[in-house]
Amino acid sequence: MEALLDPDDTTSGLLASVRTSRAVAEQADRDVLIAAARFAALHSVDSSAEAARLDGDTSGDRMLPLAGPGAPLVSEAAAVEFAAAWGRSTQAGKRFLGDAVELRYRLKHIWARILDGSLLAWRARRIADLTRNLDAEVAAWVDKQFGPYAHQMGPVQLECAITQAAALFEPDVASAIAESDAVEHRSVTISTNETPFVGAGTEQGQAVLALGYLDGVLDAADALDLEQAVAAIAHGLLEEDGYAEASLDVRRAGHPHRHA
């Protein structure tokens, strides 16, 4: 077993090692992004007409628009091959290639900072993800405006700045993106695993109720409809025998004596 302490360890030496390892890892991320862009260039076409011609061949391969308008289209088969080499899912591989293509062809100022090592790969990819739905002219404006300061901007600040730029130049597109993002954040999770609950006054280990859990993020109108439905059920239970004594929270949660 390796000893926890090495007699040659020093605070300054270990911190220097951490800084060096972090710099190596950050450059490795940039190198993968650069290789992805070069790989995509080997397996892409510039025009939709050429893509249509290739789509009609017998190989079954397709040319995909992984980046924004005006960027080359990339072979689907190549994207699958890249994902396998990268060790990620096909969808993740396509997304990564799309970011690389977006940066190389539509965000040239930011791409130059990847090449010179002055910008972290994850920051560049975040910008690419935010601009891929924008018109080429708007993406170029974002690239020029934010490229020099991208290393100083946090994810939230970047997102707000680019969203504001999109709203200024393309309000319809910005609205559609915002609506799509809102839809992606909606979800409802219902736990059906029964969790034993032991109340006061019961013997230890005696399950008197099996609890499930509900959690969700809804559209505001849907949330209001659900609230009204739950309130109506809770109020209706007041008129049934045995429920007048139950608290509002219990009645909102459903049948108070279902498992009694």
Side-chain angles (χ1 to χ4, degrees), residues 14-37 40 66-71 83 86-89 91-187 189 215-220:
L14 290 172
L15 292 179
S17 177
V18 169
R19 285 190 287 269
T20 298
S21 296
R22 187 184 67 180
V24 169
E26 290 171 351
Q27 185 57 48
D29 288 340
R30 283 189 285 264
D31 289 342
V32 173
L33 193 59
I34 293 168
L66 299 181
W86 190 38
R88 305 293 176 84
S89 69
Q91 189 61 32
K94 290 179 180 179
R95 197 76 178 180
F96 193 93
L97 278 180
D99 290 343
V101 172
E102 177 78 4
L103 286 162
R104 184 175 187 180
Y105 293 94
R106 295 188 2 121
L107 302 171
K108 295 185 178 181
H109 290 84
I110 295 171
W111 182 243
R113 299 199 58 189
I114 289 293
L115 296 178
D116 68 19
S118 64
L119 184 64
L120 295 175
W122 72 263
R123 289 184 181 275
R125 290 193 62 203
R126 182 58 182 146
I127 297 172
D129 186 54
L130 292 168
T131 60
R132 73 173 72 246
N133 292 308
L134 301 179
D135 180 81
E137 292 183 2
V138 183
W141 185 88
V142 168
D143 177 44
K144 185 176 181 179
Q145 293 295 316
F146 301 125
Y149 314 105
H151 64 292
Q152 300 173 334
M153 303 175 72
V156 175
Q157 188 180 10
L158 269 173
E159 184 170 356
C160 289
I162 294 174
T163 300
Q164 290 172 1
L168 178 64
F169 287 94
E170 298 182 273
D172 292 341
V173 173
S175 177
I177 294 172
E179 182 177 352
S180 175
D181 288 344
V183 169
E184 290 298 322
H185 282 84
R186 300 176 199 173
S187 66
T189 302
D215 184 32
V217 178
L218 310 177
D219 178 86

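Treat the numbers as computed from the prediction; the structure is a model and nothing was measured.
Within 6.0 Å of atom CD in Gln152, more than 12 heavy atoms from other residues, nucleotides or ligands are found, so the atom counts as buried in its surroundings. Summarising the local packing, CD of Glu137 is surrounded by 12 or fewer heavy atoms from other residues, nucleotides or ligands at distances under 6.0 Å.
Scanning both residues, Gly98 and Ala67, for their nearest heavy atoms gives O-CB, 3.7 Å. Closest approach of Ala128 and Leu103 over heavy atoms only: CB-CG, 3.9 Å. Nearest heavy atom pair, residue Trp86 against residue Ala92, reads CZ3-O, 3.6 Å. Residues Leu130 and Glu159 share a closest heavy-atom pair of CD1-CA, 3.6 Å. Here the shortest heavy-atom pairing between Ala83 and Gly93 reads CB-CA, 3.8 Å. Closest approach of Ala40 and Leu97 over heavy atoms only: CB-CD2, 4.2 Å.
Residue Ile162 holds its CD1 atom at 10.5 Å from CD of Gln157, rounded to the nearest 0.5 Å. Annotation: the span from Leu120 atom CG to Asp29 atom CG amounts to 8.5 Å, rounded to 0.5 Å. Taken to the nearest 0.5 Å, the CG atom of Asp143 stands 9.5 Å off from the CD atom of Glu102. Note that the CH2 atom of Trp111 and the CD1 atom of Ile34 stand 5.5 Å from one another [nearest 0.5 Å]. Of the inter-residue distances, the one linking Asp135 atom CG with Arg106 atom CZ reads 7.5 Å to the nearest 0.5 angstrom. To the nearest 0.5 Å, atoms CD1 (Ile114) and CZ (Arg125) are separated by 10.5 Å.
Between the side chain of Arg123 and the backbone N or O of Met153 there is at least one donor-acceptor pair closer than 3.5 Å.
Tested against Ser118, the residues Arg30, Arg113, His151 include a single side chain to side chain donor-acceptor pair (under 3.5 Å) partner, Arg113.
Between Val142 and Thr131, the closest side-chain pair of non-hydrogen atoms falls below 4.5 Å.
Classified by interplanar angle (parallel below 30°, tilted 30° to 60°, perpendicular above 60°), the ring pair Phe146/Trp141 is perpendicular.
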